[in-house]
Protein chains: 2
Amino acid sequence: MTSAPQPVPEPDQRLSLVFSALADPTRRDIVARLTAGDATVNELAEPYDVSVQAVSKHIRVLEDAGLVSRTRDAQRRPCHLEAGVFDLMTKWIERYRRAAEDRYRRLDAVLEQMDAQDAPPVPTPRTTKEADAS
Amino acid sequence: MTSAPQPVPEPDQRLSLVFSALADPTRRDIVARLTAGDATVNELAEPYDVSVQAVSKHIRVLEDAGLVSRTRDAQRRPCHLEAGVFDLMTKWIERYRRAAEDRYRRLDAVLEQMDAQDAPPVPTPRTTKEADAS
DNA sequence: AGCTCATTCAACCGATCGGTTGACCACGCG
DNA sequence: CGCGTGGTCAACCGATCGGTTGAATGAGCT
C-alpha cells in the first residue's frame with residue numbers, strides 16, 4: 001500500500017510541485033549533493049542539524065515532485081536524482097525568458113525610433129490582454 | 001523610494017524567493033502574461049476570480065523575488081517583467097542537470113563494462129536506454 | 001527467537017500562505 | 001473643492017509547511 005500508482009500530475013501542477021520543492025534551501029542542497037551520486041536518507045540527513053524524520057519528509061517532497069526516485073536495498077532506500085525534470089523547468093523558463101528578452105529588444109527599438117523622430121502616434125507599447133500560457 | 005533600500009538578498013535566498021514565487025500557478029500565469037507587455041494591477045487581476053488585493057499581494061511576491069519591477073504612472077503602477085532573474089534559475093538548473101546527466105552516462109558505462117566482463121561475446125548492442133520519463 | 005539499524009507513520013506545534021473584507025492613501029479631473 | 005479611480009495596508013481566517021517527539025515497521029545479524 002506504500003506504492004500507490006502515482007498518477008503523475010499534469011504539467012502545470014507538476015511545475016508547481018517542482019518549484020515548490022526547490023524553494024527550500026535544504027531541499028536544493030539535497031539535490032545538489034545527489035548529483036555526486038545516490039545516497040541514503042541517513043547519509044543525506046547527516047550534515048543538517050535537523051532530525052532524520054524531517055529529512056525524510058524533504059525527500060518525500062522531492063520524490064512527489066519527480067526530482068528523486070528511490071529503490072530498495074535491504075532496509076535502505078537509496079535516493080537517485082532524476083535529471084528529466086530539469087527539462088520541464090528549463091522549457092518553462094526559456095519560453096518566457098526569450099519572450100521577455102525579445103520584448104525588451106523590441107521596446108528598445110521603439111524607444112530609439114521615438115527618439116529619432118519626435119512625437120510618433122504610438123503612445124506606448126501598451127499591452128493589456130493577450131498571452132495565454134498552457 | 002517608498003520603502004527601505006531593498007538590500008538584495010544573497011543568491012541562495014534569492015533562489016528561494018524566485019522558486020517560491022513561481023510555485024504558485026496564478027503567479028506563473030501573471031509572469032506569462034507579462035511577457036506580452038507591461039500591465040497594471042487591475043489589468044492583471046481581471047481574468048482571475050480573486051480580489052484585486054490578492055493579486056496585488058501576488059505581484060508583491062514577484063517583486064520581492066526580483067521577477068517584476070514597477071514604475072509610477074499617475075496613480076497606476078505598471079508591472080514590468082525582469083528577464084534577468086531567469087538567468088539565475090537557468091544557471092542553477094543547468095549546473096545540476098548536467099551533473100546528473102553526466103553521472104547517468106558514467107553509470108551506464110560502468111554497467112556496460114560489468115556486463116562485458118561477464119558476457120563478452122556480444123560486441124555491445126549499443127541500446128543506450130535513455131530516460132523514458134521526459 | 002531476540003536485537004539493532006534504517007526508515008517511516010502519527011500527532012502535534014508555531015509560522016507562513018493565499019485568500020477575504022474594510023479602511024485608507026494618492027492621484028487626476030469635473 | 002469634492003469625488004471617483006487605482007492601489008495598498010491591516011486584520012483576520014483556514015490550510016499548509018517545516019519542524020519536533022514518540023512509536024511503529026522492515027530487514028539484516030547473531
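The sequence lines fix the lettering, A, B, ..., with proteins before strands; numbering per chain opens at 1.
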If you only use heavy atoms from C-beta on, which nucleotide in [options] is closest to the side chain of [X]?
{"X": "B:V52", "options": "D:dT8, C:dA11, C:dA6", "answer": "D:dT8"}
{"X": "A:A54", "options": "D:dT20, D:dG18, D:dG7", "answer": "D:dT20"}
{"X": "A:A74", "options": "D:dG18, D:dA11, D:dA27", "answer": "D:dA27"}

In whole Å, what is the span from the [atom1] atom of [X] to the [atom2] atom of [N]?
{"X": "B:R60", "N": "C:dG18", "atom1": "CZ", "atom2": "C1'", "value": "15 Å"}
{"X": "B:R76", "N": "D:dT8", "atom1": "CZ", "atom2": "C1'", "value": "16 Å"}
{"X": "B:H58", "N": "D:dT8", "atom1": "NE2", "atom2": "P", "value": "13 Å"}

Between A:V41 and B:Q53, just flag the one whose closest nucleotide in DNA chain C comes earlier from the 5' side.
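It is A:V41, whose closest nucleotide lies nearer the 5' terminus.
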
Check whether any side-chain nitrogen or oxygen of [X] sits under 4.0 Å from OP1 or OP2 of [N], and answer yes or no.
{"X": "A:S51", "N": "D:dG19", "result": "no"}
{"X": "B:S56", "N": "D:dT8", "result": "yes"}
{"X": "B:N42", "N": "D:dG7", "result": "yes"}

Side chain of [X], backbone of [Y]: donor and acceptor closer than 3.5 Å?
{"X": "A:R72", "Y": "A:A74", "result": "yes"}
{"X": "A:R27", "Y": "A:L62", "result": "no"}
{"X": "B:S16", "Y": "A:D24", "result": "no"}

Within the modelled atom types, does a donor on one side and an acceptor on the other bring the side chain of A:Q75 and the base of C:dA6 under 3.5 Å apart?
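Answer is no: no donor-acceptor pair is held.
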
